[in-house]
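What follows is a single structure, written as structure tokens, with notes after it.
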Amino acid sequence: MKLNLDRRQFLAGAAGIALMARAAQASVPTLTARPGKARVVPGDYPETEVWGYDGGVPGPEIRLRHGDRLTRQLVNELPQATSVHWHGLRIPNAMDGVPGMTQDAVDPGGAFLYDFTPPDAGTFWYHSHNRSTEQVARGLFGLLIVDETEPPEVDRDLSVVLEDWRLTETAAISDDFDRMHDWSHGGRIGNFVTAAVSPNPAALKRHERLRLRLVNTATDRVMVIGLHGMEGAIVALDGMPLATPEGADHAVLGPAQRADFIVDVTAEEGSKAIVAIHEGEEGFVLSEFVVTGSQSAVPRGPIPVLPPNPLTPLTSASGAREVPLSMEGGAMGGLSEGIWQGERMSIQDLVQNGQVWTFNGVAGLPEAPLVEAAKGELIRIPMRNDTAFPHAMHLHGHHFQEVLPDGNLGPLRDTLTVARGETRDIVFRADNPGDWLLHCHMLSHQAAGMKTWLRVTA
Ligand code: C2O
Ligand code: CU
């Protein structure tokens, strides 16, 4: 048949295509960053004005099956530009959500389509990666759960989103997001910690088996989270299954870190099972559950091992290219000068520009990457903390393992806390092409200079 395409038909056709595109876009689920209200402090306090995904804090729990695709149209209804970083996911670079590096920040009124397939199952999270000291503190984060194809058998699967709030006397978020005193010390630490448990059970039964997915969304606070009236083990860290569950009644979580526990409720009927935060000798209840009856199926037997992910741990660091990283600066850090935006500056000038920390002598993003790795190369980074504070080091797009003093490798992680004076050595296979951040996830420290980047060539 002869194809007779005149201009009129062509226009009609093009309009048709445009309409179809709009229809297709309309069916993409949205994730709207916007102001909202949340009940943060119970009792007579007013609700707290927040910025949240779909207006809530935490944002909607995004849950999919391993192998499923995730599509979300970020819509920005905030008064500031924003972006979403999918923390801990080994996804294509263009989906990583880092303004100025992998995408432009989305202006107020704008939108951006995130579309990828998470390669691993586990507990992940998403959060703003623009002006994150402010935007995460205001509430822009949520949990992302990728369910294993064959999940372990538990009676309840609960997420526990830990949040650190700095509130005023009227339960408003204190808007001192860029105080140099915080930035140069331990970061912006709040005065009210909460745990959002979802779904939140009215009561628990003795001997019930729970999976608890803990995530520390704090901008800067390291949390020691204790589980009381429950017994079990950590089965995954930062989304990645442990080959052998690690018996534990608490977890130390730096900002951005996750721990999945599987526990059995051991509290007696009539007493309580408790999630608490511990500070030195003191403990504060974050969540408590009355234990009302007994689960029939007892005893439960050993804590199960999660099925392995496609990313399997390395067994040796041998042959890795070594690229050292030294952290300097901050209060009591003795930094006298550093390079910022290509210019050598005195500490006074750095402070003027809000920069007080350096990686290898450079504050903020250096012009050249820390390392340019060929795809598949093993990279080893000894990270020396020459400062007076701990730092939660996070690598984008990859999980790494710690090279332990005995030469063995630790579990896969995406964030590792390095205490003052320590050197912690990490190794990973650079197999995800693109430009990736390596930064301190104490977001105040990141804003004040603690960031660098790596390039993995295709
Ligand atoms: Cu969770 Cu660069 O971030
Ligand atoms: Cu830090």
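No hydrogens, no waters, no symmetry mates; every other heavy atom, side chains included, goes into these values. Counting begins at 1 with the first residue of the sequence. For ligands, and for the atoms within them, numbers begin at 1 and follow the listed sequence.
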- Does the side chain of D120 reach to within under 4.5 Å of the side chain of R90, using non-hydrogen atoms? yes
- Only one of T415, D414, T217 forms a side-chain hydrogen bond (donor to acceptor under 3.5 Å, both in side chains) with R258, so which one is it? D414
- Message: Do W86 and D96 make a side-chain contact, defined as non-hydrogen atoms from C-beta onward lying under 4.5 Å apart?
- Response: no
- Measure from atom 1 (Cu) of ligand 1 to each N, O or S atom of H85 and report whether any distance is below 2.8 Å. no
- Message: For atom 1 (Cu) of ligand 1, give me the closest N/O/S atom belonging to H87, just the atom name.
- Response: ND1
- Angular separation of ND1 (H391) and SG (C440) seen from the Cu ion (ligand 2), to 10°: 130°
- Assign the ring pair H85 / H127 to parallel, tilted or perpendicular, where the plane angle (0 to 90°) is split at 30° and 60°. perpendicular
- Query: Should the pair H185 and H181 be assigned to parallel (<30°), tilted (30 to 60°) or perpendicular (>60°) ring geometry?
  - Reply: parallel
- Query: Backbone or side chain, does H396 get an N/O/S atom under 2.8 Å to atom 1 (Cu) of ligand 1?
  - Reply: no
- In terms of side-chain heavy atoms, does E134 have a donor or acceptor partner in Q80 at a distance below 3.5 Å? yes
- Would H394 count as a contact for atom 1 (Cu) of ligand 1, in the sense that one of its N, O or S atoms lies under 2.8 Å from it? no
- Which atom, counting only N, O or S, brings H445 closest to the Cu ion (ligand 2)? ND1
- Are any N, O or S atoms from H441 nearer to the Cu ion (ligand 2) than 2.8 Å? no
